[in-house]
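Values reported hereafter were calculated over all heavy atoms of this structure, with side chains retained and with hydrogens, waters and symmetry mates removed. The chains referred to below are lettered A, B, ... by the order of the sequence lines, with proteins before strands, and numbering in each begins at 1.
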Amino acid sequence: MSRFALVDCNNFYVSCERMFNPSLEGRPVVVLSNNDGCAVARSNEAKALGIGMGAPVFTLAETLRRHNVACFSSNYALYGDMSRRVILTLGELVPDLEVYSIDESFLDLSSFREKDVPGLCGTIVTTVKRNTGIPVSVGVGPTKTLSKVAAGMAKKHPCLGGVCDVTDERWRERALAATPVGKVWGVGRRFEKFLKMRGIDTALDLARADRVMVKKRMGINGTRLLDELSGISCYPLETNPPAQKGVGVSRTFAAGIDDRRALCEALSTYAERAAEKLRTEELRAGLMEVSAMSNRFQRDTFYYNTAVVRFPAPTSDASEMIKGALSAFDGIYRENVPFKKLGIHLRELSPESEQQLLLFDAVDRDRSASLMKALDAVNTAMGKRTLGYASSGLSEPKAWRTRFNHKSPSYTTCWDDILRVF
DNA sequence: TCTGGGGTCCTAGGACCC
DNA sequence: TCTGGGGTCCTAGGACCC
């Protein structure tokens with residue numbers, strides 16, 4: 001029988017902040033989204049105050065002040081590096097690993113003897129904590145979905161020591177009965193509402209629900225979900241993740257912007273960034289979609305539009321991307337609309353190695369490739385945006401700049417920010 | 001005043017073809 | 001008077017994940 005483990009970092013972003021700032025232990029801590037807009041990670045103390053996932057900061061002002069909650073802007077450099085360290089540690093402990101997200105990895109434990117599993121899981125918890133400072137929960141079960149349920153149990157009940165195994169039928173039933181249906185992997189807000197209306201409140205109810213009804217409303221993933229909850233594995237471990245399908249860069253502005261020049265600067269910056277992402281993945285894009293919207297919370301005046309550009313040949317050249325983005329934006333820009341968010345999405349990605357040559361190409365591909373190589377080399381060696389395009393704006397400060405008013409130092413990725421011990 | 005970003009997959013419906 | 005069926009491809013929208 002298959003056996004999976006899910007290793008889930010506890011309150012990951014908060015744990016990263018605490019690792020370099022131990023005075024945060026025991027204090028309520030939240031980490032905010034871009035623009036310091038929403039709470040996207042909360043310490044247990046913050047959760048206990050009723051601060052919900054994704055809660056807008058302006059609705060929390062009173063709670064944050066009254067309970068002296070520590071707030072941090074997202075520090076992606078720090079979290080990305082800490083995630084890498086956790087994954088490295090896991091890789092030393094188990095052979096088969098699927099990195100599922102920045103703070104979760106699935107492990108295939110099928111090759112381990114049953115009696116060795118508890119010891120291994122305990123070792124994972126202590127080793128990751130010792131090597132990285134990050135506390136993790138480990139859930140074990142015969143399917144990925146059940147290992148997620150188990151990890152939820154491990155997190156909720158500290159008495160379990162961070163590990164919960166639901167391989168055994170009786171434990172599985174208890175865990176499923178204690179898991180609200182909305183917490184099940186694959187059940188989002190809509191499906192939760194639908195299921196609850198039919199009296200399906202827990203994961204156990206769902207496991208026993210009518211298959212036809214679930215198939216009809218939730219599609220093929222619904223029946224897979226029922227199988228997974230019953231111990232029939234539908235999702236194997238993906239050790240070699242499939243190629244990425246798209247690349248996106250989008251940002252919300254702190255306030256609405258109608259100045260065309262500023263908007264073009266922002267869009268140009270996103271195009272540069274998107275092209276850079278492509279190049280690090282050694283990919284090229286055949287198509288770009290530019291999107292622009294006003295404040296989506298003002299429904300009566302809401303404006304949203306997209307425009308698509310097809311490149312003559314797949315490309316990752318920044319200047320081609322910028323030109324494409326700005327010309328597409330021409331078609332969707334509206335005067336006097338306060339734009340709140342612009343974005344660029346690249347699709348139809350293909351590996352650099354599979355490049356098709358055009359018979360009549362307006363772009364000198366060799367020249368472009370060496371220019372991008374030089375650009376990336378400078379920015380890697382000397383810091384992001386040391387070298388960039390004038391169309392992305394030269395003057396500071398920029399009205400469209402994302403707000404990060406509470407950012408901690410990049411302790412592990414920036415020499416100037418390295419922790420000093422006196 | 002203030003409410004993120006980056007992804008994936010599935011499905012239904014229309015266009016088109018034979 | 002009377003007007004099929006099946007397959008493929010594409011896209012938009014909706015659902016989900018962290």
Enumerate the residue pairs fulfilling salt bridge (Lys or Arg N to Asp or Glu O under 4.0 Å) with a member in residues 303-312 of chain A, sequence neighbours excluded, ordered by first and then second residue.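 Every salt bridge (Lys or Arg N to Asp or Glu O under 4.0 Å) pair that includes a residue of residues 303-312 of chain A, provided the two are not neighbours, is A:R310-A:E348.
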Can you sort out the partners of [X] under side chain to side chain contact (heavy atoms under 4.5 Å, CB included), two or more places apart, ordered by chain and number?
X      : result
A:K183 : A:T179, A:P180
A:P236 : none
A:D36  : A:L32, A:S73, A:R403, A:N405, A:H406
A:T63  : A:L49, A:I51, A:H67

Once each nucleotide of nucleotides 12-18 of chain C is scored for protein heavy atoms under 4.0 Å, what B/S/- sequence comes out, 5' to 3'? ---SSSS
C1' atoms of B:dC16 and C:dG4, separation to the nearest Å: 16 Å
With sequence neighbours left out, the residues meeting ring-ring contact (aromatic ring centres under 6.0 Å, His included) with A:Y411 are A:F20
Under a 4.0 Å heavy-atom cut-off, which of [range] touch DNA chain B?
range                       : result
residues 314-333 of chain A : none
residues 233-252 of chain A : A:Q244, A:K245, A:G246, A:V247, A:G248, A:V249, A:S250, A:R251, A:T252
residues 28-36 of chain A   : A:S33, A:N34

Could you state the atom-to-atom distance from [atom1] of [X] to [atom2] of [N] in whole Å?
X      : N     : atom1 : atom2 : answer
A:M53  : B:dG5 : CE    : C1'   : 11 Å
A:L283 : B:dG7 : CG    : P     : 11 Å
A:N295 : B:dC2 : CG    : C1'   : 10 Å
A:I257 : B:dT1 : CD1   : C1'   : 15 Å
A:K341 : B:dC2 : NZ    : P     : 16 Å
A:K340 : B:dC2 : NZ    : P     : 6 Å

On DNA chain B, check which nucleotide each of A:F58 and A:K216 is closest to and give me the residue with the more 5' one. A:F58
Pairs counted only when both distances fall under 3.5 Å, Watson-Crick or G-U: show me the 5' to 3' dot-bracket for DNA chain C, [ ] for pseudoknotted crossings and | for other-strand partners. ....||||||||||||||
Acceptor/donor pairs from residues 289-297 of chain A side chains to any protein atom, 3.5 angstrom cut, sequence neighbours excluded:
unit_1, atom_1, unit_2, atom_2, d
A:S294, OG, A:Y303, N, 2.8
A:N295, OD1, A:F297, N, 2.8

Once the angle between the rings of A:F302 and A:Y304 is folded into 0 to 90°, is it parallel (under 30°), tilted (30 to 60°) or perpendicular (over 60°)?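 Rings of A:F302 and A:Y304: parallel, as their planes differ by under 30°.
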Check the angle between the aromatic planes of A:Y76 and A:Y13 and answer parallel, tilted or perpendicular using the 30° and 60° thresholds. perpendicular
Mark yes when over 12 heavy atoms from residues, nucleotides or ligands other than A:R217 sit less than 6.0 Å from its CZ; otherwise mark no. yes
Within 6.0 Å of CZ in A:R198, more than 12 heavy atoms from elsewhere: yes
Would you mind checking if A:R172 and A:D165 are paired as a salt bridge, meaning a charged N to carboxylate O distance below 4.0 Å? no
Cationic N near anionic O, under 4.0 Å, A:D81 to A:R84: yes
When you measure from the side-chain N and O atoms of A:R403 to the phosphate of B:dT1, is any distance below 4.0 Å, counting only OP1 and OP2? no
Is the distance from the ring center of A:W185 to that of A:F106 below 6.0 Å? yes
Just by distance, with hydrogens left out, do A:S391 and A:S268 show a side-chain donor and acceptor under 3.5 Å apart? yes
I want to verify a distance call: between B:dT3, B:dC10, B:dG4, whose nearest atom is closest to the A:V40 side chain? B:dG4
